[in-house]
Amino acid sequence: MDSYRVLLNGITIPSIGFGTYKLGDESETIDAIKCALKIGYRFIDTASFYGNEEGIGKGIKESGVNREDIFLSTKVWNDSHGYDKAIKSFEESMRKLDIDYLDLLLIHWPTELNSETWRAFEDLYELGKIRAIGVSNFKIGHLEALKKTARIMPMVNQIEIHPCFSQKELVNYCNNYKIQVIGWSPIMKGQLLEVPLMMDLAEKYNKSIAQIALRWHIQKGIIPIPKSSHCGRMTDNIDIFNFELSEEDIRKIDNLDRNEKVSDTPPNTTYDNFKW
Ligand SMILES: NC(=O)c1ccc[n+]([C@@H]2O[C@H](COP(=O)([O-])OP(=O)(O)OC[C@H]3O[C@@H](n4cnc5c(N)ncnc54)[C@H](OP(=O)(O)O)[C@@H]3O)[C@@H](O)[C@H]2O)c1
């Protein structure tokens, strides 16, 4: 299975990333990033909202891995929507991360100001400051609305995806438009570890439950971004390229879908304006 995927504009992105929400204080964040990069992660996902961009920038520098070999994404939070605020948020993230270009900038959640915020993203992209631009937590309705005003379609949609919330309609829509899906909370914040089918499959393939879940994402063409503060678990989570789930087992995992979200939607978004 390929360890990279190609975005709409031709740039490559690693097929698994490292999630960084709630990694801990700055020194814990630095250590986690150094560990993740040492193990082989080359895609790191953060957000202005996570409050850890400084630690992530330091961790990258201290790791000794070349900046060009790392794919780094950050996001613009809901209170920074609109053209000017989005540009300011981007600049602040660049300062905190201490980098001179960004790989991927995302609108963290949809709001009433998506089209203005997106115009700022398009300008930053065309100026060469960002290699790819995308959205997060956009449903089909948000993407359809954005299509009416956008010059450039989002290259990525980062959404909650795990076997109990697989968002089939939205994933199909994104696949049709070649919008790469990135899956957040891919192991359901740990809750998948208690699902009997996942336990059975872990035993059958002699893998951990997290590995079965992440492999399911990979075989569906979805980029999972698991978070862990433990080097051992980080190693486990990326070690998923040496086995394959059968079509039948993929279908069994698909059947776990019960439309069960693992996180609440933050206030001041238009997430609930659409069903899909
Ligand atoms: N765009 C968005 O709106 C959005 C929303 C939420 C998350 N995200 C992104 O997605 C990333 C991942 O999501 P998440 O952190 O919510 O959930 P997750 O990755 O599904 O789960 C993380 C939890 O699982 C545990 N864990 C990790 N690997 C494990 C393993 N191999 N065995 C057992 N337990 C394991 C972690 O504990 P330890 O840390 O103690 O190992 C942590 O408690 C975030 O960090 C963030 O980058 C984006």
Side-chain angles (χ1 to χ4, degrees), residues 1 5 15-22 43 45 47 50 75 106 108-110 135-143 156-176 179-230 233-234 236-241 243-266 269 271-276:
M1 183 61 68
R5 299 191 59 83
S15 51
I16 183 166
F18 181 62
T20 66
Y21 187 40
K22 296 192 170 164
F43 167 18
D45 177 72
Y50 302 167
K75 314 183 190 86
L106 302 174
H108 205 145
W109 287 89
V135 296
S136 178
N137 302 301
F138 272 42
K139 294 183 182 171
I140 295 172
H142 301 108
L143 290 164
V156 156
N157 191 10
Q158 185 184 121
I159 52 180
E160 178 175 346
I161 299 268
H162 45 74
C164 297
F165 190 61
S166 52
Q167 304 213 63
K168 291 188 190 72
E169 293 80 4
L170 180 52
V171 170
N172 284 341
Y173 177 96
C174 289
N175 290 342
N176 286 340
I179 298 170
Q180 174 64 53
V181 175
I182 297 179
W184 60 260
S185 293
I187 51 176
M188 216 182 160
K189 290 190 189 292
Q191 289 175 36
L192 264 188
L193 308 181
E194 274 137 48
V195 175
L197 171 71
M198 299 303 285
M199 291 179 192
D200 293 347
L201 292 175
E203 203 177 317
K204 173 175 171 183
Y205 287 91
N206 197 21
K207 296 285 171 190
S208 70
I209 293 174
Q211 287 173 323
I212 300 289
L214 297 167
R215 182 70 206 180
W216 173 82
H217 287 80
I218 297 286
Q219 287 183 220
K220 287 186 162 293
I222 295 166
I223 299 176
I225 48 169
K227 171 263 171 190
S228 178
S229 301
H230 298 93
R233 287 175 173 175
M234 288 180 209
D236 194 48
N237 294 347
I238 201 174
D239 183 20
I240 52 170
F241 295 94
F243 75 107
E244 196 160 347
L245 298 168
S246 70
E247 282 302 315
E248 191 192 349
D249 289 333
I250 292 274
R251 270 196 303 278
K252 284 186 189 164
I253 301 175
D254 287 346
N255 286 337
L256 289 175
D257 188 18
R258 43 185 196 245
N259 209 23
E260 185 181 332
K261 282 170 69 28
V262 81
S263 298
D264 294 332
T265 304
T269 80
Y271 183 78
D272 292 319
N273 287 12
F274 300 100
K275 189 169 180 211
W276 309 116

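Ring planes of Tyr271 and Trp109: perpendicular class, angle over 60° (limits at 30 and 60°).
A salt bridge links Lys220 with Asp254: at least one charged nitrogen is closer than 4.0 Å to a carboxylate oxygen. The pair Asp236-Arg233 fails the salt-bridge criterion, with no side-chain N (NZ, NE, NH1 or NH2) lying under 4.0 Å from an Asp/Glu carboxylate O.
Residue Gln219 is tested with Asp249, Leu214, Leu245, Ile240 for a side chain to side chain contact (heavy atoms under 4.5 Å, CB included); the sole match is Leu245.
How far CG of Asn259 is from CD of Gln167: 8.0 Å, rounded to the nearest 0.5 Å.
Partners of Asp45 under the side-chain hydrogen bond (donor to acceptor under 3.5 Å, both in side chains) rule, at least two apart in sequence or in another chain, are Ser73, Lys75, Gln158. For His108, the ring pair (Phe, Tyr, Trp, His ring centres under 6.0 Å) partners are Tyr50, Trp77, not counting sequence neighbours. Asp239 pairs by the salt bridge (charged side-chain N to carboxylate O under 4.0 Å, His left out) definition with nothing, not counting sequence neighbours.
Relative to the ring axis of Phe165, Arg258 does not place its NZ or CZ within 45° and under 6.0 Å from the centre.
Side-chain contact, Ser229 with Lys227: a donor N or O sits under 3.5 Å from an acceptor N or O.
Side-chain atoms of Ser228 come within 3.5 Å of backbone N or O of His230 as a donor-acceptor pair.
Side-chain atoms of Asn137 and Trp184, non-hydrogen and from C-beta on, do get closer than 4.5 Å to each other.
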